[in-house]
Amino acid sequence: MPIEKLAEEYKRGRRFFDSQDYIGAARILAQVVAAAPDNLAARLLLARAYYHSAQLGRAEAELRLVLERDPAEGYACLLLGRTLQRRNRPKDAEPYLRMHAAMTGE
């Protein structure tokens, strides 16, 4: 996908996300991430769309990839912790929530 088209699709996915059409956003952003797997902003927004559309397994997978590539991504730590909580895995969530708290001072 040409870079201009990729940027347009990311913006389109962002608009869907902002209008709370999380399933539509995920559909668009998954294509963006497939075309540009190293784009962490797109991957994080995709994870957020998955989270808000209750596709928690997919959200977890995307967030783990984000943190693998950027362990200091504080929001990914928070969202992974919350995702794991929603999946009824509070013990697994604790380290990510503690890490986020340490990064933000909360």
Side-chain angles (χ1 to χ4, degrees):
M1 184 179 304
I3 190 81
E4 297 83 19
K5 177 72 172 162
L6 201 58
E8 287 174 28
E9 286 299 290
Y10 177 80
K11 288 178 188 174
R12 191 168 144 243
R14 174 56 114 176
R15 283 193 303 273
F16 273 69
F17 184 89
D18 290 343
S19 67
Q20 298 182 348
D21 181 353
Y22 302 118
I23 293 173
R27 201 175 2 253
I28 294 164
L29 293 166
Q31 294 175 3
V32 172
V33 168
D38 292 333
N39 185 326
L40 294 185
R43 193 174 289 279
L44 185 56
L45 188 57
L46 174 59
R48 292 176 64 197
Y50 283 150
Y51 176 84
H52 287 295
S53 62
Q55 298 179 65
L56 301 177
R58 288 179 174 175
E60 180 181 350
E62 291 300 328
L63 291 163
R64 289 189 184 281
L65 285 170
V66 168
L67 288 171
E68 181 179 297
R69 294 179 180 156
D70 184 2
E73 174 50 66
Y75 187 74
C77 289
L78 174 64
L79 194 56
L80 181 55
R82 296 257 172 89
T83 299
L84 293 168
Q85 285 177 329
R86 282 183 69 187
R87 295 191 81 189
N88 200 27
R89 293 167 46 198
K91 293 280 188 207
D92 293 338
E94 286 176 16
Y96 297 101
L97 296 174
R98 278 197 309 269
M99 194 176 325
H100 175 262
M103 288 178 186
T104 61
E106 293 179 9

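L45 and L63 sit in two unconnected hydrophobic clusters of ILVMFWY residues. Membership requires side-chain heavy atoms under 4.5 Å apart, directly or through other members. Both L44 and Y51 sit in one connected hydrophobic cluster of ILVMFWY residues. Membership requires side-chain heavy atoms under 4.5 Å apart, directly or through other members.
Around the CG atom of N88, the shell of radius 6.0 Å holds no more than 12 heavy atoms that belong to other residues, nucleotides or ligands.
Pairs engaging residues 58-87 under the ring pair (Phe, Tyr, Trp, His ring centres under 6.0 Å) rule: none recorded [sequence neighbours left out]. Within the structure, ring pair (Phe, Tyr, Trp, His ring centres under 6.0 Å) pairs that include any residue of residues 18-46 comprise F17-Y22, Y22-H52 (at least two apart or interchain). Sequence neighbours left out, the pairs with a member in residues 27-46 that pass side-chain hydrogen bond (donor to acceptor under 3.5 Å, both in side chains) are R43-E62. The salt bridge (Lys or Arg N to Asp or Glu O under 4.0 Å) contacts involving residues 49-60 comprise E60-R64, E60-R87, E60-R89, where partners must be two or more places apart or lie in separate chains.
R12 pairs by the salt bridge (charged side-chain N to carboxylate O under 4.0 Å, His left out) definition with E9, not counting sequence neighbours. In terms of the side-chain contact (heavy atoms from CB on, under 4.5 Å) criterion, residue partners of A35 (sequence neighbours excluded) are, by chain and number, M1, L6. With sequence neighbours left out, the side-chain contact (heavy atoms from CB on, under 4.5 Å) criterion links A26 to L46, A49, Y50, Q55. Judged as a salt bridge (charged side-chain N to carboxylate O under 4.0 Å, His left out), and not counting sequence neighbours, the contacts of E94 are R98. Among residues two or more places apart in sequence or in another chain, the salt bridge (charged side-chain N to carboxylate O under 4.0 Å, His left out) test is passed with K11 by none.
Using a 4.5 Å cut-off on side-chain heavy atoms (C-beta onward), L40 and R69 make contact. No side-chain heavy atom of L78 sits less than 4.5 Å from a side-chain heavy atom of Y96. Taking 4.5 Å as the limit, every side-chain heavy atom of L80 sits out of range of all side-chain heavy atoms of L97.
Within the hydrophobic cluster formed by Ile, Leu, Val, Met, Phe, Trp and Tyr side chains joined at under 4.5 Å, directly or through other members, I28 is accompanied by F16.
In this structure, L67 and C77 approach most closely via the heavy-atom pair CD2-SG, 3.7 Å. Closest heavy-atom contact between Q85 and A93: CG-CB, 3.7 Å.
Between the side chain of R86 and the main chain of A54, no donor-acceptor pair closer than 3.5 Å is present.
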